[in-house]
Student: 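This is the structure I have questions about; it appears just below.
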4 protein chains.
Amino acid sequence: MATRREQAEWRREQLLDAALRVFAAKGVDGASVKDLADAAGVTAGLLYRYFDSKEALVETVLRERGFLSQLRELLTADRSGLPAREVLAELLAAFDGLLAGNAELVAVFFSATRARAALAELTGEGQRLIGAFLADRVAAGELPPHDTGTAARTLFAAVAVGRATGSPIDVPALVGLIYPT
Amino acid sequence: MATRREQAEWRREQLLDAALRVFAAKGVDGASVKDLADAAGVTAGLLYRYFDSKEALVETVLRERGFLSQLRELLTADRSGLPAREVLAELLAAFDGLLAGNAELVAVFFSATRARAALAELTGEGQRLIGAFLADRVAAGELPPHDTGTAARTLFAAVAVGRATGSPIDVPALVGLIYPT
Amino acid sequence: MATRREQAEWRREQLLDAALRVFAAKGVDGASVKDLADAAGVTAGLLYRYFDSKEALVETVLRERGFLSQLRELLTADRSGLPAREVLAELLAAFDGLLAGNAELVAVFFSATRARAALAELTGEGQRLIGAFLADRVAAGELPPHDTGTAARTLFAAVAVGRATGSPIDVPALVGLIYPT
Amino acid sequence: MATRREQAEWRREQLLDAALRVFAAKGVDGASVKDLADAAGVTAGLLYRYFDSKEALVETVLRERGFLSQLRELLTADRSGLPAREVLAELLAAFDGLLAGNAELVAVFFSATRARAALAELTGEGQRLIGAFLADRVAAGELPPHDTGTAARTLFAAVAVGRATGSPIDVPALVGLIYPT
DNA sequence: AATGAATGAGGATTCATTCAT
DNA sequence: AATGAATGAATCCTCATTCAT
């Protein structure tokens, strides 16, 4: 049987789980406290015994359900003996898996379906066009054969994330990285 | 003197400008109709003479202030005579400039300051750690000397955007792209 | 060709006509000034050149489209030479026709479909039950054969209108009127 | 001390009472949710814990404060042993009392003071004129002495209610009913 | 005479939050 | 620990009305 302390802890976790789910589905602003409480099968009032405010709940979800610590652990594991390319592939795959496993949290970063859709359209279009250009030049023998789709996506993503996070990437260095002269 | 038609058109543009500004600053949900009206120096009621609802205003901003058409134009311009690397650099720089010039709209894609901060922290941390790893291996002579900072950011961005947009990237292909064997 | 004065008069009448129609359809409160203007094919602003306010328009409709004057004319016509029953029948038929011809105005007296429906249900039920009672007693030979349906409706209406208008009817007198002892 | 359930039930009734009062005084459309809340001494928000919308509140008032069931009970009580005229008088008196006791609900059926006033004027005028005519003919010896005031009101009410409820009365039958040949 | 841009007050409704039970 | 009644502020939106053109 659970002690008072354990039961409280359990409830807290349950509330955070429910909150993450609801936030991902409806967005932080779109989720009402009632929505959050309903999803956890409790009353709105009860939320306030565990969190000071909706805002505090949001922060806690972001902090405790965030995967920054997992990411750090992942990236700092000792891999000294292995070849760099192998390590890198494994590392990125692990990061990719981390994001996949936290799809809901990733969703929380985007306001609404609206914005998500617009973003998808934008990136899709951009990657397609850049990819076509690259394929063209490969066909023309100017660029060596390579996975132009992945290249297009990579280039596009690097630039976009640079701007989205407020620290733009060095474009010539980016191009030189993938297509050294 | 402006005709009525012109003045109405001007007002419409002004409302869209103000809306973009406010949406970028407070997020779509965080911006009240009053905020939007205040920013334009008009009454909330007037917004409804120009847009059917707040939702309609959001859509119009996204559509009319979106840069998808600019992006498309940019990417499809004829550049047949020039060397691929040069074109690519120019192209990505133009895209980068497009994003930079539309920083506010980019901001609209992210729900709130909150999420933006979390995202920045996440990407910063990830890039730093990957960068350190790469620098290490370069120092060890395993990888050829290269801009490891840019490489780290690029790899990270490619994976993250893949997940954020719902179409994950092919990680081995990504690694092979930058570090061919 | 119409003079300025005539054209203004014509517009005024048109506005009143439209208003009566809209008031009847949506109720006085349910009709917005825009509704009224739309129905007349003009702008809301124009209404204010003809009527001081929506309230004034309502009053004018009630006054100028009211049928009190018609009713008075109807009832005061000289009919001295004719038999009373005949005159009465003709008179009531004329009144009935007046109401029928002003169905829209009659509708204005009732707030909404809601109330109208409730009223219809109430009166329907009441009349049915009283009618059944009367038919029963006629069958039992206690009352002389007569149109019990009409009697029921009449009795019911007399009582209801008495209360609705705030001056109750004298019930024993009412019964004595139709069923003299 | 009242249990929570009881207290909630009491509050619900109180809200309905207040609503009936306010609706009667201001009309359904004329009463704002704040008016309704104020009349009950609570906040507007609280109304929404008890009723889904203002519309739902209106319907509930009409249903739960309606007197259709009372009317039915009244009219279907067993009175087989008593003389018809007596029963009828008693019945109508009871109905009249029912309406008197539910004056507020009766008022809800009429949109506004405005309409009520117009209606009163109309019926008053009509009854007066018909009454004068009847008195005339009684004085002339053409009609037997009778309560011409009540007769006028009855005739008028029967015709008016017929039109108001959309099922017109049979005028010759009506006349024949009161003035048989 | 007529328009339509603009306002300001008010409307219904939602929601985060508090508190007695 | 948990409920649910209650609040008050804020939200989106409508509307009667005014006024420059």
Side-chain angles (χ1 to χ4, degrees), chain A residues 4 7-8 10-12 29-37 40-57, chain B residues 1-5 7-8 10-12 29-37 40-57, chain C residues 4 7-8 10-12 29-37 40-57, chain D residues 1-5 7-8 10-12 29-37 40-57:
Chain A
R4 202 69 67 85
Q7 130 83 6
W10 177 84
R11 167 106 317 163
R12 206 185 104 98
D29 289 303
S32 74
V33 172
K34 180 157 194 314
D35 288 336
L36 297 166
V42 301
T43 313
L46 188 61
L47 273 179
Y48 288 83
R49 279 192 86 73
Y50 290 87
F51 306 96
D52 284 346
S53 62
K54 182 186 169 182
E55 180 58 28
L57 173 56
Chain B
M1 68 225 66
T3 138
R4 266 209 190 152
R5 178 106 188 81
Q7 130 84 9
W10 178 82
R11 167 78 7 128
R12 205 186 103 98
D29 290 307
S32 75
V33 171
K34 181 155 192 318
D35 288 338
L36 297 166
V42 300
T43 315
L46 188 61
L47 273 179
Y48 289 86
R49 270 192 76 77
Y50 291 86
F51 306 97
D52 283 346
S53 62
K54 181 186 169 184
E55 178 60 25
L57 174 55
Chain C
R4 204 69 69 83
Q7 130 81 7
W10 177 84
R11 167 107 318 162
R12 205 185 104 98
D29 290 303
S32 73
V33 171
K34 182 160 191 311
D35 288 337
L36 298 166
V42 300
T43 314
L46 188 61
L47 272 178
Y48 287 84
R49 279 192 87 72
Y50 291 87
F51 305 96
D52 284 347
S53 62
K54 182 186 171 183
E55 179 58 27
L57 174 55
Chain D
M1 67 226 66
T3 139
R4 269 210 189 150
R5 179 106 187 81
Q7 129 86 7
W10 178 84
R11 166 79 7 132
R12 206 186 104 97
D29 290 307
S32 74
V33 171
K34 180 156 194 312
D35 288 338
L36 296 166
V42 299
T43 315
L46 188 62
L47 273 179
Y48 289 85
R49 272 194 74 77
Y50 290 87
F51 306 96
D52 283 346
S53 62
K54 181 186 168 182
E55 178 60 27
L57 174 56

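In this text the structure is predicted, and so the values were computed from the model without any measurement. Lettering of chains follows the sequences in order, A, B, ..., and the numbering in each one begins at 1.
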Student: For A/Leu47 and C/Asp52, take the nucleotide of DNA chain F holding the closest heavy atom to each; which residue's nucleotide lies nearer the 5' end?
Tutor: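 Per heavy-atom nearest nucleotide, the more 5' residue is A/Leu47.
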
Student: Map C/Ser32 and A/Ala44 onto DNA chain F by nearest heavy atom, then report which one ends up closer to the 5' terminus.
Tutor: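 Between the two, 5'-proximity favours A/Ala44.
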
Student: With sugar-phosphate meaning primed atoms plus P, OP1 and OP2, does A/Thr43 contact a base, only sugar-phosphate, or nothing at under 4.0 Å between heavy atoms?
Tutor: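 Here A/Thr43 touches the bases of the nucleic acid.
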
Student: Expressed in angstrom and rounded to an integer, what is the separation of D/Glu55 atom CD from E/dG11 atom P?
Tutor: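 After rounding, the reported distance stands at 17 Å.
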
Student: Expressed as a whole number of angstroms, how long is the span from D/Leu46:CG to E/dC19:C1'?
Tutor: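 After rounding, the gap between these two atoms is 14 Å.
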
Student: Does OP1 or OP2 of F/dA2 have a side-chain N or O of A/Arg11 closer than 4.0 Å?
Tutor: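 Looking at the OP1 and OP2 atoms of F/dA2, one of them is under 4.0 Å from a side-chain N or O of A/Arg11.
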
Student: Answer with base, sugar-phosphate or nothing: what part of the nucleic acid does A/Ala37 contact at a heavy-atom distance below 4.0 Å?
Tutor: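 Answer is nothing: A/Ala37 stays at 4.0 Å or more from every strand.
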
Student: From the set E/dA12, E/dA2, F/dA2, return the single nucleotide nearest to any side-chain atom of D/Lys54.
Tutor: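 My answer, after comparing the listed nucleotides, is E/dA12.
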
Student: For C/Tyr48 and C/Lys54, which heavy atoms make the closest approach, and how far apart are they?
Tutor: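 Here C/Tyr48 and C/Lys54 meet closest at OH-N, 4.4 Å.
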
Student: Is any side-chain nitrogen or oxygen of B/Gln7 closer than 4.0 Å to OP1 or OP2 of E/dT3?
Tutor: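 B/Gln7 to E/dT3 OP1/OP2: no side-chain N or O under 4.0 Å.
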
Student: Return the nearest nucleotide to the side chain of C/Tyr48; candidates are F/dC13, E/dT13, F/dA16.
Tutor: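 Comparing F/dC13, E/dT13, F/dA16 against the side chain of C/Tyr48, the answer is F/dA16.
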
Student: In chain order, what residues pass the side-chain hydrogen bond (donor to acceptor under 3.5 Å, both in side chains) check against D/Ser32, with sequence neighbours excluded?
Tutor: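 Partners of D/Ser32 under the side-chain hydrogen bond (donor to acceptor under 3.5 Å, both in side chains) test: D/Asp35.
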
Student: What is the nucleic acid contact for B/Phe51, judged by heavy atoms within less than 4.0 Å: base, sugar-phosphate only, or nothing?
Tutor: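 Here B/Phe51 touches no strand at all.
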
Student: Side chain of D/Val33, heavy atoms from C-beta onward: which of E/dT13, E/dA16, E/dA1 has the nearest atom to it?
Tutor: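 For D/Val33, the side-chain atoms sit closest to E/dT13.
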
Student: Could you work out, with side-chain hydrogen bond (donor to acceptor under 3.5 Å, both in side chains) as the rule, every residue matching A/Arg11, not counting sequence neighbours?
Tutor: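 By the side-chain hydrogen bond (donor to acceptor under 3.5 Å, both in side chains) rule, A/Arg11 matches A/Gln14.
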
Student: When you check the phosphate oxygens OP1 and OP2 of E/dA1, does a side-chain N or O of C/Arg49 lie under 4.0 Å from one of them?
Tutor: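 Indeed, a polar side-chain atom of C/Arg49 lies that close.
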
Student: Tell me what C/Ala31 touches on the nucleic acid: a base, only sugar-phosphate, or nothing, going by heavy atoms under 4.0 Å.
Tutor: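 Touches sugar-phosphate only.
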
Student: Roughly, in whole Å, what's the span from CG in C/Leu36 to P in E/dA2?
Tutor: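 Whole-Å distance recorded here is 17 Å.
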
